**Student:** 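One structure, as structure tokens, below. Some questions next.
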Amino acid sequence: MKKIFILSMCACAFLQADCNIKLQKLQNELEYAKQYSNTNRINGLNKAIADVKARCNKNPNYEQELNKAKKSLENKKESEVLQVESKLKELDAKKDSMSKSEYKAKKEELKAYKKQIKNEYKIKKEELKNQYK
């Protein structure tokens with residue numbers, strides 16, 4: 001029973017570590033801003049500190065969840081981009097058996113799709129940030 005209690009306390013402390021680290025970094029930045037009388041920065045940092053405290057009280061491991069979700073999203077994006085790049089290589093291999101206009105059109109289509117994927121994931125990443133706020 002004591003072991004379980006001690007392990008749960010350690011786990012809670014570990015989860016709180018992300019919040020404490022983030023708060024400490026923001027506090028350090030706030031000290032620098034106060035030192036140089038940067039009022040806009042001071043106001044922004046005070047707001048950021050309040051946000052972090054609120055998030056940590058609501059969900060102590062939000063930082064870990066956010067990082068995990070970002071990594072998952074990044075892996076999916078990379079996978080899709082690699083698929084498009086392999087299709088581009090296949091297209092280059094078939095280049096001689098196609099007309100120039102057909103080759104050019106397909107290549108531009110794949111490049112546009114690749115760009116679209118990157119833009120979609122950029123939007124999804126922003127939505128993810130907002131979801132964890």
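For clarity, every value in this text was computed on a predicted model and none was experimentally measured. Both backbone and side-chain heavy atoms feed into the values below; hydrogens, waters and symmetry mates do not.
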**Student:** Could you walk me through whether E85 and K89 satisfy the salt bridge (charged side-chain N to carboxylate O under 4.0 Å, His left out) test, starting with their C-alpha distance in whole Å, then the side-chain angles of each, then the deciding distance to 0.1 Å, before giving a yes or no?
**Tutor:** CA-CA 6 Å; E85 287 176 352; K89 287 180 183 178; over 6 Å; no

**Student:** Between A33 and I42, what is the shortest heavy-atom contact and its length?
**Tutor:** CB-CG1, 3.7 Å

**Student:** For residues L23 and K53, report the shortest heavy-atom separation together with the two atoms involved.
**Tutor:** CD2-CG, 3.9 Å

**Student:** Indicate yes or no: at least one non-hydrogen side-chain atom of N119 is less than 4.5 angstrom from one of K115.
**Tutor:** yes

**Student:** Are D92 and K107 close enough, and set up right, to give a side chain to side chain contact (heavy atoms under 4.5 Å, CB included), and what steps lead you there?
**Tutor:** CA-CA 9 Å; D92 283 339; K107 189 169 184 172; 4.1 Å; yes

**Student:** Roughly how far, to the nearest 0.5 Å, is the CG atom of L110 from the CG atom of L91?
**Tutor:** 6.0 Å

**Student:** Quick one: list whatever passes side chain to side chain donor-acceptor pair (under 3.5 Å) with E90, sequence neighbours left out.
**Tutor:** none

**Student:** Less than 4.0 angstrom from a charged side-chain N to a carboxylate O is my criterion; do K106 and E102 meet it?
**Tutor:** yes

**Student:** Look up atom NZ in K104 and atom NZ in K95, then write down how far apart they are to the nearest 0.5 Å.
**Tutor:** 10.5 Å

**Student:** Find out whether the Lys NZ or Arg CZ of K100 is both under 6.0 angstrom from the six-membered ring centre of Y103 and within 45° of the ring's axis.
**Tutor:** no

**Student:** Apply side chain to side chain contact (heavy atoms under 4.5 Å, CB included) to residues E80 and Y113 and explain how you reach the verdict.
**Tutor:** CA-CA 10 Å; E80 287 187 33; Y113 182 60; 4.2 Å; yes

**Student:** If a pair satisfies side chain to side chain donor-acceptor pair (under 3.5 Å) and one of its residues is in residues 30-46, list it, with sequence neighbours excluded.
**Tutor:** E29-R41

**Student:** Say you draw a straight line from CG of D51 to SG of C56; how long is it, rounded to the nearest 0.5 Å?
**Tutor:** 10.5 Å

**Student:** What closest approach, in Å, do L30 and I49 show between heavy atoms, and which atom pair accounts for it?
**Tutor:** CD2-CD1, 3.9 Å

**Student:** Nearest 0.5 Å, what's the NZ-CG distance between K25 and N28?
**Tutor:** 10.0 Å

**Student:** Testing the basics here: between V81 and K114, what is the closest heavy-atom pair and its distance to 0.1 Å?
**Tutor:** CG1-CE, 3.9 Å

**Student:** The criterion is side chain to side chain donor-acceptor pair (under 3.5 Å); which residues satisfy it with E74, sequence neighbours excluded?
**Tutor:** K77

**Student:** Please check if any side-chain donor atom of N20 sits under 3.5 Å from a side-chain acceptor atom of Q24, or the reverse.
**Tutor:** no

